[in-house]
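The structure appears right after this line, and notes come after that.
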Amino acid sequence: MKIQLFGISKDIVGQRELALPNDPSLQTVMDLKKWILHQYPRMGNLSSIGIAVDLEYAEDDQPIGQAKEIALIPPVSGG
């Protein structure tokens with residue numbers, strides 16, 4: 001499965017998407033956040049990281065195993 005990246009998260013990683021590893025420990029949104037922070041420590045500098053699962057913002061305890069699409073949504077600024 002691919003994780004779509006947007007905004008500064010795309011800049012930190014250096015690409016528009018990541019391949020989600022086939023790791024049985026990645027069961028929930030929180031597991032995914034921890035994995036991302038471990039792989040890309042600069043993500044920890046962001047004030048927040050939102051995860052959308054199948055086009056809807058997801059809570060940390062939401063399972064990701066059956067998801068068709070996952071997106072990482074960094075904080076945004078507007079004016």
Side-chain angles (χ1 to χ4, degrees):
M1 174 178 306
K2 300 287 185 186
I3 303 167
Q4 302 298 316
L5 304 172
F6 298 96
I8 191 149
S9 66
K10 179 176 71 173
D11 297 336
I12 290 170
V13 172
Q15 54 194 29
R16 293 168 52 169
E17 62 183 31
L18 286 173
L20 184 64
N22 188 12
D23 182 341
S25 70
L26 295 174
Q27 303 259 329
T28 66
V29 168
M30 179 55 78
D31 297 333
L32 177 60
K33 285 181 180 179
K34 289 177 183 176
W35 178 82
I36 289 169
L37 288 172
H38 178 74
Q39 297 296 314
Y40 302 95
R42 287 182 45 213
M43 290 283 196
N45 296 333
L46 303 178
S47 60
S48 65
I49 298 174
I51 304 284
V53 176
D54 293 334
L55 304 176
E56 292 189 23
Y57 278 100
E59 297 295 324
D60 287 344
D61 61 348
Q62 181 170 336
I64 59 172
Q66 300 299 318
K68 291 181 173 66
E69 179 179 280
I70 295 176
L72 182 68
I73 303 164
V76 295
S77 63

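Here side chain to side chain donor-acceptor pair (under 3.5 Å) pairs that include residues 59-69, with residues two or more places apart or in two chains, are Lys33-Asp60. Counting only residues at least two apart or in different chains, salt bridge (charged side-chain N to carboxylate O under 4.0 Å, His left out) contacts with residues 6-16 are absent.
Taking CE from Met30 and NZ from Lys34, the interatomic distance works out to 6.0 Å, rounded to the nearest 0.5 Å.
Other members of the cluster containing Ile70 are Met1, Ile3, Leu5, Ile8, Ile12, Val13, Leu18, Leu20, Leu26, Val29, Leu32, Trp35, Ile36, Leu37, Tyr40, Met43, Leu46, Ile49, Ile51, Val53, Ile64, Leu72, with ILVMFWY side chains joined at under 4.5 Å, either directly or via other members.
Shown here are the side chain to side chain donor-acceptor pair (under 3.5 Å) partners of Gln4, two or more places apart in sequence or in another chain: Glu17. Listed by chain and number, the residues in a side chain to side chain donor-acceptor pair (under 3.5 Å) with Asp54 amount to none (sequence neighbours excluded). Here Ser25 pairs with Asp23 under the side chain to side chain donor-acceptor pair (under 3.5 Å) rule; sequence neighbours left out.
Listed here is the closest heavy atom pair of Gly7 and Pro74: CA-CG, 4.1 Å. Heavy-atom minimum distance, His38 versus Pro41: O-CD, 4.0 Å.
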